[in-house]
Asker: 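Before we start, here is the structure in question, set down as structure tokens.
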Amino acid sequence: MGNEEQSVMQKIVSLCKRRGFLFQSSEIYGGMNGCWDYGPLGVELKRNVKEAWWSEMVTHHDDISIPQGAASAFEMTGLDCSILMHPQVWKCSGHYDLFHDMMIDCKDSKRRYRHDQVRGRWALLDDKRVFVTAICEPEEEQEVLLARAQKCFGLRAKDRSRIRWDGDVVSLETVDDFEFVFGPDAKEAGSLTEPREFNLMFKTHMGALFDENSIAYLRPETAQGIFVNFKNVVDSSRVRIPFGIAQVGKSFRNEITPRNFTFRVREFEQMEVEFFCHPDSSQEWYRYWRDRRMEWYKKLGLSESRLILREHDSAELSHYSTGTADIEYAFPFLPEGEYGELEGIAHRGDFDLRSHMEGKLNPATDPLEVEVDERGKPVHRGSGKDLSYRDPVTNEKYIPHVIEPSAGADRATLAFLCEAYTEDMAPDEKGQLQGRVVLKFHPRLAPIKAAIFPLVKKDGMPEAAQDIYRDLKKEFPVFYDNKGAVGRRYRRMDEAGTPFCLTIDGQTLEDGTVTLRDRDSMDQTRLSVEEAKQVIREAIRC
RNA sequence: GCGGGUGUAGCUUAGUGGUAAAGCACCAGCCUUCCAAGCUGGCUAUGUGGGUUCGAUUCCCAUCACCCGCUCCA
């Protein structure tokens, strides 16, 4: 593929590898699907993304002022939970049921079904006996099954009456031999595969014994660690509602199709807040967090034209959620007009805390009820612990409602990388315009804040530059380079996204001033080292 | 998971059933007073595993990874 035909995304992937932002995991052994490693520059970039998030959410949060748009002042605190948790956590959260489906593939239609959702009925025609299946609403089941049976036997409509039924409509789970099963979208019988476990949670074993009782799961989200620690945090930290608990950490999902660089991966890092509030003010808090999170991405450089806030419509919402919005970004690997999710802000009501109290709630019920088996017992028992909150002022006791802004650290990092990638023209030594690749990171996110260059490798310039390097290094991540022409060094730093370069020349030795070169404009300014430090300080603050 | 495509150096590409080529990048040195200069030298590759063959990077099979489409996206 020629350079001109390369897509923007391919160029970004190539730059990421060339400059050490991202590598394929286990590359020397052929790579690992859906796993990526952050290189020397990438780790700094991602750390800066997470640090910008954590500092805004937790360390720099002002507990006593009322932020713009907020209903009141509120507190924010942090948490770092273990990745392995009690299996019951995932049963009550709904992940166990949702992530553990037995799936069936149709070799004919290429469709996939949940084993327990496929229903059908044994149909007889002459000496033929076929289990005819369908996926449809219960009220139209009889009609659809008849139509499918007709198709299966290759009958005309007028001959439908020749079909006889053997038994009632039952689940496909009652059928052992798939050879005589007519799939819901198949053209002939026998196209369905045996049910296969589709495990979207990573399974492992605790302890040395590998048996059913030792199964543990790698967390598929960080949120549950916060919910199960809700009581611990309330009891130990004097926080009062409204307050939020933040957590950054790895989560694992056995994605069916890892795709699009680090966008859809099997091991990823989340940045989540669970914000606990009174049910009456929850809508107000939902809007607050939705809008505030959108601003965060803009503030760190994502362009407004590539970002959208997408409110889920009622069909997309779980009914217990009274609002969910996605912050989405127009990644270059997506078709024009399509966006990929960076963060979801969900109003989760009291679903999570109640599930951990009473047992897994059935999300299809309204009001929410504990999901029970045929004997009326909870399908998954809750902890039985009281996770409600007593307001110390009003003495009101209630289960808090939860607003959940849940962001992907890797997706955010990728968005910042894509946004930063720029090709422009810059003059070379002879004044000829040459193509230039530059990563225009917000200085706050840039892995290296400034590079220190002696203009040439002689006349005491390296020594003076090294002194300045050591001085700046105490405050910023800076980089020293004395190799080759200064223009080449500038371009290298452009590809690393370094916002400033300080060049030390003969005049530096006389009056202590340096040249500060700006990455984006390539403008050069003569100023003192102190002034240059101040410029960098102000740029990385936001 | 299905279908199609691709896999040669750090990157981008060339080429061949018989010693694998180049540009850029990178490293060392020289030179160099502000945007990829020049000179000298150097490092580095046929994704992995089989098969066919005297000999495979090339042909075949499998596998892995990536890309595109479908599916999935809880």
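Quick note: numbers below take in every heavy atom, side chains included, and nothing from hydrogens, waters or symmetry partners.
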Asker: Atom CZ of R18(A) to atom C1' of C11(B): distance rounded to whole Å?
Answerer: 6 Å
Asker: Look at the side chain of E221(A) against the base of A74(B) and say whether a donor-acceptor pair falls under 3.5 Å; ignore hydrogens and angles.
Answerer: no
Asker: Answer yes or no: side-chain N or O of R517(A) and base N or O of C35(B) forming a donor-acceptor pair under 3.5 Å.
Answerer: yes
Asker: R488(A) or N482(A): which one's nearest nucleotide on RNA chain B is closer to the 5' end?
Answerer: N482(A)
Asker: For C34(B), does the base pair up with any side-chain atom of Y490(A) as donor and acceptor (N or O, under 3.5 Å, distance only)?
Answerer: yes
Asker: Write down the distance between NZ (K17(A)) and P (C66(B)), rounded to a whole number of angstrom.
Answerer: 13 Å
Asker: Work out how far the C1' atom of G23(B) is from that of U33(B), and round it to whole angstrom.
Answerer: 30 Å
Asker: Between atom CD in E27(A) and atom P in A45(B), what is the gap in whole Å?
Answerer: 14 Å
Asker: Please work out if E255(A) contacts a base, only the sugar-phosphate, or nothing of the nucleic acid, heavy-atom cut-off 4.0 Å.
Answerer: base
Asker: Which whole-number value in Å describes the distance from L41(A) CG to G10(B) P?
Answerer: 18 Å
Asker: So which nucleotide from U71(B), C27(B), C34(B) ends up closest to the side chain of K483(A)?
Answerer: C27(B)
Asker: For a quick check of understanding: with a heavy-atom distance under 4.0 Å over all strands, which category does D459(A) fall into, base, sugar-phosphate or nothing?
Answerer: base
Asker: How is M461(A) classified with respect to the nucleic acid when contacts are heavy atoms under 4.0 Å: base, sugar-phosphate, or nothing?
Answerer: base
Asker: Side chain of T515(A), base of C34(B): donor and acceptor closer than 3.5 Å?
Answerer: yes
Asker: Specify the separation, in whole Å, of atom CZ of R492(A) and atom P of A37(B).
Answerer: 10 Å
Asker: Nearest of G1(B), U32(B), U33(B) to any side-chain atom of D505(A)?
Answerer: U33(B)
Asker: Would you measure the distance from the C1' atom in C70(B) across to the matching atom in C35(B) and give it in whole Å?
Answerer: 48 Å
Asker: State whether R488(A) and D481(A) are salt-bridged, where the test is any N-O pair (Lys NZ or Arg NE/NH1/NH2 against Asp/Glu carboxylate O) under 4.0 Å.
Answerer: no
Asker: Please state how far atom CZ in R259(A) lies from atom C1' in G1(B), giving the value in whole angstrom units.
Answerer: 11 Å
Asker: What's the gap between A21(B) and A14(B) when it is taken at their C1' atoms, as a whole Å value?
Answerer: 6 Å
Asker: What is the distance, rounded to the nearest whole Å, between atom CZ of F23(A) and atom C1' of A65(B)?
Answerer: 17 Å
Asker: What nucleotide among C72(B), C68(B), C66(B) has an atom nearest to a side-chain atom of N33(A)?
Answerer: C66(B)
Asker: When the nearest nucleotide of RNA chain B is assigned to S521(A) and to G34(A) on a heavy-atom basis, which residue is associated with the more 5' position?
Answerer: S521(A)
Asker: Counting heavy atoms not belonging to M9(A), are there more than 12 under 6.0 Å from its CE?
Answerer: yes
Asker: Looking only at the side chain of Q24(A) (C-beta and beyond, no hydrogens), which of the listed nucleotides U71(B), C66(B), C34(B) gets closest?
Answerer: C66(B)
Asker: Just to be sure I understand the rule, does D518(A) reach a base, reach only the sugar-phosphate, or reach nothing, if contact means heavy atoms closer than 4.0 Å?
Answerer: nothing
Asker: Measure distances between side-chain N and O atoms of R19(A) and base N and O atoms of G10(B), and say whether any donor-acceptor pair falls under 3.5 Å.
Answerer: no
Asker: Give the rounded distance in Å between these two atoms: NZ of K457(A) and P of C27(B).
Answerer: 11 Å
Asker: Using a cut-off of 4.0 Å on non-hydrogen atoms, how would the nucleic acid contact of R489(A) be classed: base, sugar-phosphate, or nothing?
Answerer: nothing
Asker: Considering only the P atoms, how many Å lie between G47(B) and A65(B), rounded to the nearest integer?
Answerer: 16 Å
Asker: Within 45° of the ring axis of F263(A) and under 6.0 Å from its six-membered ring centre, is that where the NZ or CZ of R411(A) lies?
Answerer: yes
